[in-house]
Enquirer: 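Below you'll find the structure I mean.
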2 protein chains.
Amino acid sequence: MSLGAEPTGEATGKGLSKKRDPERTRKRILKAAKVEFAKYGLGGARVDRVAARSKANKRMIYHYFGSKEQLFQAVVEEAYLSIRVAEQKLNLDEVEPEEAIRQLVVFTWRYYLKHPEFLTLVNSENLHRGRHLKKSARVKEVHSDYVEMVRGILKRGERSGVFRRGVDPIQFNITVAAIGYYYLTNRFTSSIIYDLDMVAADALDRRLAFNLDTIMRLLKPDSR
Amino acid sequence: MSLGAEPTGEATGKGLSKKRDPERTRKRILKAAKVEFAKYGLGGARVDRVAARSKANKRMIYHYFGSKEQLFQAVVEEAYLSIRVAEQKLNLDEVEPEEAIRQLVVFTWRYYLKHPEFLTLVNSENLHRGRHLKKSARVKEVHSDYVEMVRGILKRGERSGVFRRGVDPIQFNITVAAIGYYYLTNRFTSSIIYDLDMVAADALDRRLAFNLDTIMRLLKPDSR
DNA sequence: GATATAACCATCTAGTTAGTGAATTGTCGA
DNA sequence: TCGACAATTCACTAACTAGATGGTTATATC
């Protein structure tokens, strides 16, 4: 071990060290806040619970984030950055257009399934008219890349004749997100209304299949 | 006037009467609560603000609704009943299938646009895992009619050959809702991310057109 | 027109809530 | 080794919040 000169206590930082680690503390708070805000929304969230959950002191929260709202802002920003980072890893530029779109739909669906807190956080932020996200500069940049990637896939498909022409990439993006997002965020009320278990494994599979079908039909060239 | 024996004071109840009108008071509270919950969510809503907005006394709120949660429940239930009532007025059984579906998509879109509070209330209820709606029996019944109507339209379209076979009416319903709903509830964050005004009149028109197109392509028979 | 019932109101309260003040302790560069 | 600064702790508070209380007034019924 040793090689002593390690400055960051990360390598050793396991159990009972009472050492200080501001970065870790900050991240612990942020993570706890994500859980809290995702569960209760901005209005229903309690700073005390975030403190308890993160095993930090409430004073620390205000030290690192300033206010409840700024903490929420940090959480929302991080949530958006995370999904964009995940999207970038997709790298669909090498994949043939139809398969690329299929992967896009599946990825989006799986991301929502794996990160349900993303959905509720986005809903909360929109309840508050996007006023927190508006303050983030980084989020915009990262996203435009994504639209461009989709635009590229559609263009390639048009050229090779597997997709029809003139599909707006932004409308298309929104639609891909919508058909997965709506099903999952509203699964509770929909389950009641349709008297169905919407999150049963086979129900989820059927929805994904339906969505893939919807999207492919949307892109299919008009038959003559 | 007179014909004295009118028991309910409704007919006269106009302006400056300090008369009692329990039904009206109840409705005033419910309406104010809808605005409050739609704006702030369950956690962020304040009973005092509902009292002020409804010009009723807080005592009245607890008299008619029992608790903040029960008030929320009443608001959510009413919101669901309202949209179902509106849907029933559509009466698309006489309309030819393609036109009926078109009207369905347009209706859904316009309803969301005209009743933005419906969207946020549904989101809030889902944040709370549907636990309030679960208590409402009336909502379920009303809805199954709607699914049946859509099922009927799809069936007629299949028979006349304008729609392909095997489209699940529930998945279809969810999709029709999703592509409008998502665009509108997430308009704030999407506007930021895409750097677009999503609620400009022409943007709304373009979205509706895109959605109509998406839905019609979803139903179009496979070409041979 | 007496009485019971329910609508209505102003005010109180016990428990929370976001946010602070001030002192303590660890860390790191000089 | 020392001093400065950052991380951390704990106790505190002013404002707020859901809900309760006790009393008043309109209305329906006999």
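All values below come from the heavy atoms of this structure, side chains included, with hydrogens, waters and symmetry mates left out. Fair warning: this is a prediction, and the values are worked out from it, not measured in the lab. Residue numbering restarts at 1 for every chain, and letters A, B, ... go by the order of the sequence lines.
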Enquirer: Side chains of A:Y181 and A:N123: any donor to acceptor distance under 3.5 Å?
Expert: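 Side-chain D/A pair, A:N123 to A:Y181: present.
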Enquirer: What residues form a side-chain hydrogen bond (donor to acceptor under 3.5 Å, both in side chains) with B:D213, not counting sequence neighbours?
Expert: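 Here the qualifying residues are A:R164, B:R217.
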Enquirer: Rounded to whole Å, please give me the gap between CD1 in A:I61 and C1' in C:dG19.
Expert: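 Distance, rounded to whole Å: 11 Å.
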Enquirer: Run the salt bridge (Lys or Arg N to Asp or Glu O under 4.0 Å) test against A:R53 and tell me which residues pass, sequence neighbours left out.
Expert: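 A:R53 satisfies salt bridge (Lys or Arg N to Asp or Glu O under 4.0 Å) with A:E36 once adjacent residues are dropped.
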Enquirer: Write down the distance between CZ (B:R28) and P (C:dA7), rounded to a whole number of angstrom.
Expert: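 So the two atoms are 13 Å apart, to the nearest Å.
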Enquirer: Once side-chain hydrogen bond (donor to acceptor under 3.5 Å, both in side chains) is applied, do any residues pair with A:S67, and if so which ones, sequence neighbours excluded?
Expert: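 Expected list: A:Q70.
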Enquirer: Tell me, please, which residues at least two apart from A:R84 pass salt bridge (Lys or Arg N to Asp or Glu O under 4.0 Å).
Expert: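 A:E87.
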Enquirer: Identify all pairs in which a protein N or O lies below 3.5 Å from an N or O of nucleotides 4-6 of chain D, and state each distance.
Expert:
| from | atom 1 | to | atom 2 | distance (Å) |
| --- | --- | --- | --- | --- |
| D:dA6 | N3 | A:R20 | NH1 | 3.3 |

Enquirer: Sequence neighbours left out, what passes side-chain hydrogen bond (donor to acceptor under 3.5 Å, both in side chains) with A:D205? Give chain and number order.
Expert: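 A:D205 satisfies side-chain hydrogen bond (donor to acceptor under 3.5 Å, both in side chains) with no residue once adjacent residues are dropped.
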Enquirer: Mind checking what makes salt bridge (Lys or Arg N to Asp or Glu O under 4.0 Å) contact with B:R110, not counting sequence neighbours?
Expert: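 So B:R110 forms no salt bridge (Lys or Arg N to Asp or Glu O under 4.0 Å) with any residue.
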Enquirer: State which residues pass side-chain hydrogen bond (donor to acceptor under 3.5 Å, both in side chains) with A:T189; sequence neighbours excluded, sorted by chain then number.
Expert: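 Counting only residues at least two positions away or on another chain, A:T189 forms a side-chain hydrogen bond (donor to acceptor under 3.5 Å, both in side chains) with B:Y80, B:N126.
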Enquirer: Given atom CZ of A:R24 and atom C1' of D:dA7, what is their separation to the nearest angstrom?
Expert: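 In whole Å, D:dA7 C1' and A:R24 CZ are 15 Å from each other.
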Enquirer: Encode nucleotides 11-19 of chain D as B, S and - characters from 5' to 3', where the letter depends on protein heavy atoms closer than 4.0 Å: B to the base, S only to sugar-phosphate, - to neither.
Expert: ------SBB
Enquirer: How long is the line joining CZ of A:F65 and P of D:dA7, in whole Å?
Expert: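 In whole Å, D:dA7 P and A:F65 CZ are 12 Å from each other.
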Enquirer: What is the distance, to the nearest angstrom, from the CE atom on A:M60 to the P atom on C:dG21?
Expert: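 Those two atoms, CE and P, are 15 Å apart.
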